[in-house]
Amino acid sequence: MNSPTPVIQIENLAYAYGRAEAVHDLSLNVQPGRCYGLFGRNGAGKTTTMKCLLNLLRPQRGQVRVFGLDPAKAEVAVKRRLAYVPDQVAFYPWMSVRETLDYLASFRANWNRKTEQELFERFRLDPAQRTGSLSKGQRTQVALIAAVCPETDLLVLDEPTSGLDPIVRREFIEAVIGAYQEGSPGKRTIFVSTHLITEFEGLIDEFTIIDRGRVVVTLDSDQARERYQKIRARFAQSPPELDLTAALRVRRNGRELELIANGSGPELVERLRQHNPESLTTESLALEEIFVATLKS
Amino acid sequence: MLMQISFKSSTPIYLQIVDQVKDAAASGALQPGEALPSIRPLAEELRVNRNTIAKAYSELESLGVIETLAGRGCFLKENHSVLRKEVRRKLLIEEIDRAVVQAHHLQVPRDEFLGLIHERIAVLDDKRRANENQKEVDRP
């Protein structure tokens, strides 16, 4: 079976600022139509990776391909098919919101006015307001409108919601789902880097966790929730001495035991059950808890 | 219908939605001909990937639980299984086997297990009746 060309291919990417290595031997693939998360702490190498995709930095080793093309050699061909929302949004402060969007639209072959109008209303923005007097949240909203309206195949989001209030964050996500994904169902690809994982939880199909420039793990979200489990058991007396080396983490308190399992959940549950616990519950870890568990172990 | 999802369940999100629609159909909370929420508003409301909802609905459609009417949305179907009787039996047997194994591990004896099955069917019947009565009350 022919698999389609990945929208993003990163192979053994390395980049250092002077002697400080920001990204080391990083590889990942993003398939068309997927929403892919790049998760890492501050300084993990997320933005450096993003910049290599956008030809804002040249890879020092390895290679990146976007739509199968080298972003350094085919910059225009790549950029006409993607839109980008950076973490720090900057516009010409003397321009109004309307002028800013018209200016940005002038670089694009396509601009959906209906979507623009819909998002204006959703975000309650004033087209006449100068961008210099917008709040951080409003600047991000304008940047999102500018990224969604050209209806590109790929949307790249770099820490898009950090520093925004919870309501603006929610509206941001809803706009990405409603306005961007709806346009060409099943075909629009999203690549998002963030350390605010909870709010993207439902959107992410697949993710890579990076730490100090290296890939820690790449997982499909559904598989991740199946693999990573939190098991709680309470015993009548103090918990029996058990072999719990299969657990990623163990917490004990009095008669209670809490385990974090990575793939070994069923085995651990069986072992606990043999000691007749008063109660035994299992739940999956949310992506953010997986992130924390992975980086702490 | 108001859907709920949980990221703490090991069941994939799309299957959680499939299961809820099936439950609602079995209990009569969702009536044949009744509309399901449209994909976009539901995805926005639950803040999940649009494709997740689309996947759930296409699964429900292939199971014959719902039908999509072009331009109008998705609706619960009358008498819904498109599968042949043997296939339906086989699918149910798999589920029953799983419950039987679970009963063994939880040390629930045969008679108690059979009693529980009768009890659960009665619970579902009660729900159906309650939803029927509700419909009568709602009727002007």
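In this structure, A:R113 places its CZ atom where more than 12 heavy-atom neighbours from other residues, nucleotides or ligands lie under 6.0 Å away. Remark: B:L2 CG is loosely packed, at most 12 non-hydrogen atoms of other residues, nucleotides or ligands lying under 6.0 Å away. Taking a 6.0 Å sphere around CD of A:E278, one finds it holds more than 12 heavy atoms contributed by other residues, nucleotides or ligands. Other residues, nucleotides and ligands place no more than 12 heavy atoms under 6.0 Å from the CG atom of A:N253. Under a cut-off of 6.0 angstrom, the local environment of NE2 in A:H195 is crowded, with over 12 non-hydrogen atoms contributed by other residues, nucleotides or ligands. Atom NZ of A:K136 has more than 12 heavy atoms from other residues, nucleotides or ligands within 6.0 Å. More than 12 heavy atoms of other residues, nucleotides or ligands sit less than 6.0 Å from atom CD of A:Q274. With a 6.0 Å radius and a threshold of 12 heavy atoms from other residues, nucleotides or ligands, A:R41 has its CZ atom at or below the threshold.
The CZ atom of A:R273 lies 7.5 Å from the NE2 atom of B:H105; values are rounded to the nearest 0.5 Å. Put simply, CD on A:E174 and CD on B:E45 are 9.0 Å apart, with the number rounded to the nearest 0.5 Å. To the nearest 0.5 Å, atoms CD1 (A:I177) and CG (B:L46) are separated by 9.0 Å. Within the model, atoms CD of A:E201 and CD1 of B:I5 stand 8.5 Å from one another, a figure rounded to the nearest 0.5 Å. With rounding to the nearest 0.5 angstrom, the CZ atom of B:F7 is 14.0 Å from the CG atom of A:L285.
Interface remark: A:E199 contributes no atoms to any contact with chain B (heavy atom separation under 4.5 Å). For B:A54, no part lies near chain A; criterion is any non-hydrogen pair under 4.5 Å. For a residue to count as touching a neighbouring chain, one of its non-hydrogen atoms must lie under 4.5 Å from one of that chain's; by this rule A:R170 touches chain B with backbone and side chain alike.
The backbone N or O of A:G33 sits less than 3.5 Å from a side-chain atom of B:N51, completing a donor-acceptor pair. With A:S284 contributing its side chain and B:S10 its backbone, the two residues share a donor-acceptor pair below 3.5 Å.
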Verdict with reasoning, A:R225 to B:S9, per side chain to side chain contact (heavy atoms under 4.5 Å, CB included): CA-CA 7 Å; A:R225 276 189 285 266; B:S9 160; over 6 Å; no
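A:E171 and B:R47 are not joined by a salt bridge, as no carboxylate oxygen comes within less than 4.0 angstrom of a charged side-chain nitrogen. For B:K8 and A:E289, the salt-bridge test passes: some basic side-chain N is under 4.0 Å from an acidic carboxylate O.
In terms of heavy-atom pairs under 4.5 angstrom with chain B, the leader among A:E226, A:E182, A:E283 is A:E182.
Contact between B:V48 and A:L203 at its shortest, heavy atoms only, is C-CD1, 4.2 Å.
In this structure, the side chains of A:D205 and B:N49 come closer than 4.5 Å at one or more pairs of heavy atoms.
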